[in-house]
Number of protein chains: 2
Amino acid sequence: MTTAEPACTADQLPSAARGGPVGMTLARAARAHRIAMGRRLRELGLYPGQELMMMVLWDCGAVRQSELIHSLGLDPSTVTKMLQRLEQCGLVLRRPDPSDRRAVLVETTEEGRALRGGVERAWSDLEESSLAGIGPDDRAELARLLDLVADNLREEAEEAGDCPPLNC
Amino acid sequence: MTTAEPACTADQLPSAARGGPVGMTLARAARAHRIAMGRRLRELGLYPGQELMMMVLWDCGAVRQSELIHSLGLDPSTVTKMLQRLEQCGLVLRRPDPSDRRAVLVETTEEGRALRGGVERAWSDLEESSLAGIGPDDRAELARLLDLVADNLREEAEEAGDCPPLNC
DNA sequence: CAGTATTGATTGGCTGGCCAAGGAATGGGT
DNA sequence: ACCCATTCCTTGGCCAGCCAATCAATACTG
């Protein structure tokens, strides 16, 4: 034993998570994924999370802030602050909605649009890197199962209160 | 069309993520998972992330802080601040390591140990909820594929610098 | 038409988490 | 014995993201 003794069962599944091994694996993989994405985004001058907001703006043109909130599933205050920073960086432009003086319209600037290629490349590149050695069938299976999980959790979330008055 | 027009392709995969659909699905599922876990943890007085630290402490007894850092894969400063808060909540106890005056030994208090059952139940419960309708074979397959992804990403992370001097 | 409810957005405060920089204590090399 | 590199931890600053409370503008209802 030349290695300093691990002092306990380090690096393995914590025993308190034995009842949720898949969830733990999901959390681990997603964290690594987010970190790897963060590495790529840093070279573009973005922080993790911001690229998702930019994606919506690239797709939608001028959007109401409430649309962003709903589309990203984030807290309104989170969106406000992210937009303030993105605006200060010159990536985004905000102006009052003439048809509703409460609302704010958001759109990307030219500088913001310039990042699109880099972000798309980052996502493709990370996809290839993270799925290396996994065949197309397994990839599809993974996506299918993750979607099922997301559906289950979305159902639970709706029961838990954040149910927008769509069906109730 | 009674619903307010979506203004664009809301709620679908952002077009900039077409190159990484699995990664996007992974991120979505993991976010929902973390939020669902957060709901359960709030009833225990914990924030998401803290339960993982407690798990290590429950398993290991008194641990050096550096062990925690390595075991959780977090930044040292993150661990320091989390421990300061957990200590102030009375869930954790810190004392200097007599054999190395730089180091700090961390262990749970009785009050901290009392949360173990609740956290285990929360994980089991979330596992069942998130995997509802998914058979044992598919669960195993999901775990296997997620582990592959995590392995790929860990490899990439090591190449990217955070390689602890284990093999080099 | 007046009064109330709902929606849109902001602020403040809190946590998780990162990076960069710094200060102690230990260990290794000459 | 001395100096230097390494290890262990802390601080400060920043961003994502949440909740609670708040204000302004619109919509709804009696």
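Each chain gets a letter, A, B and so on, in the order the sequences are listed, and its residues count up from 1.
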N/O (side chain, [X]) to phosphate O (OP1/OP2, [N]) under 4.0 Å:
{"X": "R31(B)", "N": "dC18(D)", "value": "yes"}
{"X": "Q65(A)", "N": "dT7(C)", "value": "no"}
{"X": "Q50(B)", "N": "dT15(C)", "value": "no"}
{"X": "R85(A)", "N": "dA16(D)", "value": "yes"}
{"X": "R34(B)", "N": "dG17(C)", "value": "yes"}
{"X": "Q84(A)", "N": "dT11(C)", "value": "yes"}
{"X": "R94(B)", "N": "dT10(D)", "value": "yes"}
{"X": "R64(B)", "N": "dC9(D)", "value": "no"}
{"X": "T78(B)", "N": "dC18(C)", "value": "yes"}

Could you tell me whether [X] and [Y] have a side-chain N and a carboxylate O separated by less than 4.0 Å?
{"X": "E107(A)", "Y": "R64(A)", "answer": "no"}
{"X": "E156(A)", "Y": "R39(B)", "answer": "yes"}
{"X": "D59(B)", "Y": "R116(B)", "answer": "yes"}
{"X": "D138(B)", "Y": "R144(A)", "answer": "yes"}

Can you measure [X] atom [atom1] to [N] atom [atom2] for me and round it to whole angstrom units?
{"X": "L83(A)", "N": "dT11(C)", "atom1": "CG", "atom2": "P", "answer": "12 Å"}
{"X": "L68(B)", "N": "dG17(C)", "atom1": "CG", "atom2": "P", "answer": "13 Å"}
{"X": "L46(B)", "N": "dC19(D)", "atom1": "CG", "atom2": "C1'", "answer": "17 Å"}
{"X": "L41(A)", "N": "dC19(C)", "atom1": "CG", "atom2": "C1'", "answer": "16 Å"}
{"X": "I69(B)", "N": "dT7(D)", "atom1": "CD1", "atom2": "P", "answer": "13 Å"}
{"X": "M53(B)", "N": "dT15(C)", "atom1": "CE", "atom2": "P", "answer": "14 Å"}
{"X": "D97(B)", "N": "dA25(C)", "atom1": "CG", "atom2": "C1'", "answer": "12 Å"}
{"X": "H33(A)", "N": "dG17(C)", "atom1": "NE2", "atom2": "P", "answer": "18 Å"}

| request: Return the 5'-most residue of the pair R101(A), S77(A) with respect to DNA chain D, ranking by each residue's nearest nucleotide. | output: S77(A)

Using a 4.0 Å heavy-atom cut-off, does [X] contact any base of the nucleic acid, only the sugar-phosphate backbone, or nothing at all?
{"X": "L74(B)", "result": "sugar-phosphate"}
{"X": "D75(A)", "result": "base"}
{"X": "D100(B)", "result": "sugar-phosphate"}

| field | R121(A), CZ: over 12 other non-hydrogen atoms inside 6.0 angstrom | value | no

| Closest nucleotide of DNA chain C for R102(B) versus for L105(A): which of these residues is on the 5' side? | L105(A)

| Closer to the 5' end of DNA chain C via nearest nucleotide, is it S66(A) or K81(B)? | S66(A)

| query | At their closest point, which heavy atom of R139(A) faces which heavy atom of I134(A), and how far apart are they? | reply | NE-O, 2.9 Å

